[in-house]
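Input: a single structure, listed below in structure tokens.
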Amino acid sequence: MSLDLTFFIILAIMAAVSALMVILRKNPITSAMSLVLHFVSLAGLYLTLHAQFMAVIQMLVYAGAIMVLVVFVIMLLNLGREEKMAVRQSARAAIGIGASMVLGALLIWGLTQVMRPVAAGSSQAMVNGQIASVGKALFSTAYVFPFEMVSLVLLAAAVGAVVLTKRNLK
Amino acid sequence: MLTLPIEYYLTLSAVIFIIGTIGVLTRRNAIIIFMCIELMLNSVNLTLVAFSQYMGDMAGQIMVLLVMTVAAAEAAVGLAIVLALFRNKQTVYVDEVNVLKW
């Protein structure tokens, strides 16, 4: 078994198990910590794809910024274990799992239809994952407009979050 | 060199996406639903990075950067909504928020 495959299997099992822990644990803090583990294993998977910049950003933005916010809110609201759904709600769980399985079957069917990418790109992958090529692409004429637009999204989100948490809007 | 077939990454991200969907549809805690949405966004990011690296096209990784920015904005606004909800109704369970239900 090659080293690549060994790393992939370890990281894939870590990612899948921690994702399952997120939806199965009753305590929100346990779910949040499993989600951090999930983000770490995804960063590892990006490294196996030679996308170093994506791996670093994954750790900084998700595990660093977003999860701190989530854990902060969980602790601020002092949330405990989630109680069981009311009886009338238990049908919702069955329907939810059923619908997800249908979606899963569709996705797996789609996977069998996927066109196999040309192997020529694989030698380019080492260069493409580095920060220099990401930066050059991001500030090229093709992507500079979406890049600027996304800063407006961030501004709107910052203003919106402040307005939403204000106690009285006068 | 990328030695593994791309199907490995696509299958893994499909599995994670399904786990996220099940979480969104079955849990009642708004914050856990929110974390499951992050799971789904991340599984799509994995697909985009895998395709970007296997096809030698940077567009996928730029898209992942944009998705991450939108996810950060969504985290800020979503958690602010949960805070406002808790202040007004003293609950974060989505099935108890049914004012609009007829």
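Owing to the predicted nature of the structure, the values given are computational and were not obtained by experimental measurement.
In this structure, A:H38 contributes its side chain and A:S18 its backbone to no donor-acceptor pair below 3.5 Å. Checked by atom type and distance alone, the side chain of A:T30 never pairs as donor or acceptor with a backbone atom of A:K26 at under 3.5 Å. At distances below 3.5 Å, at least one donor-acceptor pair connects side-chain atoms of A:S31 with backbone N or O atoms of A:V22. The backbone N or O of A:L42 sits nowhere less than 3.5 Å from a side-chain atom of A:Q58 that would complete a donor-acceptor pair.
For B:I81, the parts lying under 4.5 angstrom from a heavy atom of chain A are both the backbone and the side chain. Both the backbone and the side chain of B:L10 come within contact range of chain A, with heavy atoms under 4.5 Å apart. Interface residue A:A99: only side-chain heavy atoms are found under 4.5 Å from chain B. Heavy-atom distances place the side chain of B:V64, and not its backbone, under 4.5 Å from chain A. Residue B:S13: no heavy atom, backbone or side chain, is found under 4.5 Å from chain A. When heavy atoms are compared at a cutoff of 4.5 Å, A:A65 does not approach chain B at all. Contact of B:L46 with chain A is made through backbone and side chain together, with heavy-atom distances under 4.5 Å. Contacts of B:Y8 with chain A are made by both backbone and side-chain atoms, with heavy-atom separations under 4.5 Å. For A:L76, the part lying near chain B is the side chain, with the backbone staying farther off; criterion is any non-hydrogen pair under 4.5 Å. Using a 4.5 Å cut-off between heavy atoms, A:M101 contacts chain B through its side chain alone, with no backbone atom that close. For chain B, the nearby part of A:F53 is the side chain; its heavy atoms alone come within less than 4.5 Å. Both the backbone and the side chain of A:L138 come within less than 4.5 Å of a heavy atom of chain B. For chain B, the nearby part of A:L107 is the side chain; its heavy atoms alone come within less than 4.5 Å. Contact annotation for B:V92: only side-chain heavy atoms (C-beta onward) come within less than 4.5 Å of a heavy atom of chain A. In this structure, the portions of B:Y9 lying under 4.5 Å from any heavy atom of chain A include both its backbone and its side chain. For chain B, the nearby parts of A:L77 are the backbone and the side chain; heavy atoms of each come within less than 4.5 Å. For A:S140, no part lies near chain B; criterion is any non-hydrogen pair under 4.5 Å. Proximity to chain B involves both the backbone and the side chain of A:L69, based on heavy atoms less than 4.5 angstrom apart.
Counting heavy-atom pairs closer than 4.5 Å to chain B, the top residue among A:I108, A:L111, A:V153, A:V73 is A:L111. The residue among A:M149, A:R25, A:M67, A:K136 with the most heavy atom pairs within less than 4.5 Å of chain B is A:R25. Of the listed residues (A:G110, A:G160, A:A32), the one with the most heavy-atom contacts under 4.5 Å to chain B is A:A32. With chain A as partner, the option from B:V82, B:L66, B:V77, B:I22 having the largest number of non-hydrogen pairs under 4.5 angstrom is B:I22. For the set B:A71, B:A84, B:G20, B:S43, the count of heavy-atom pairs under 4.5 angstrom toward chain A peaks at B:A71. Residue with the most contacts toward chain A among B:I33, B:T69, B:V70: B:T69 (heavy-atom pairs, distance under 4.5 Å).
The two residues B:Y54 and A:L49 have their closest heavy-atom pair at CE1-CD2, 3.6 Å.
The cluster map of Ile, Leu, Val, Met, Phe, Trp and Tyr, joined by side-chain heavy atoms under 4.5 Å apart, puts A:I10 and A:L37 in different clusters. Criterion: ILVMFWY side-chain heavy atoms under 4.5 Å apart, direct or through other members. Under it, A:Y143 and A:I131 are part of a common hydrophobic cluster. Taking hydrophobic clusters as Ile, Leu, Val, Met, Phe, Trp and Tyr residues chained together by side-chain heavy-atom distances below 4.5 Å, B:L39 shares a cluster with B:V44. At a threshold of 4.5 Å between side-chain heavy atoms, the hydrophobic network of Ile, Leu, Val, Met, Phe, Trp and Tyr places A:I97 and B:M40 in one connected group.
How far CD1 of B:I32 is from CD1 of A:I74: 7.0 Å, rounded to the nearest 0.5 Å. Note that CE of A:M54 is 7.5 Å distant from OG of B:S52, once rounded to the nearest 0.5 Å. Taking CG of B:L79 as the start and CD of B:E74 as the end, the distance is 8.5 Å to the nearest 0.5 Å.
Between A:Y46 and A:Q52, the closest side-chain pair of non-hydrogen atoms is not below 4.5 Å.
The side chain to side chain contact (heavy atoms under 4.5 Å, CB included) test applied to B:V67 returns B:L41, B:N45, not counting sequence neighbours.
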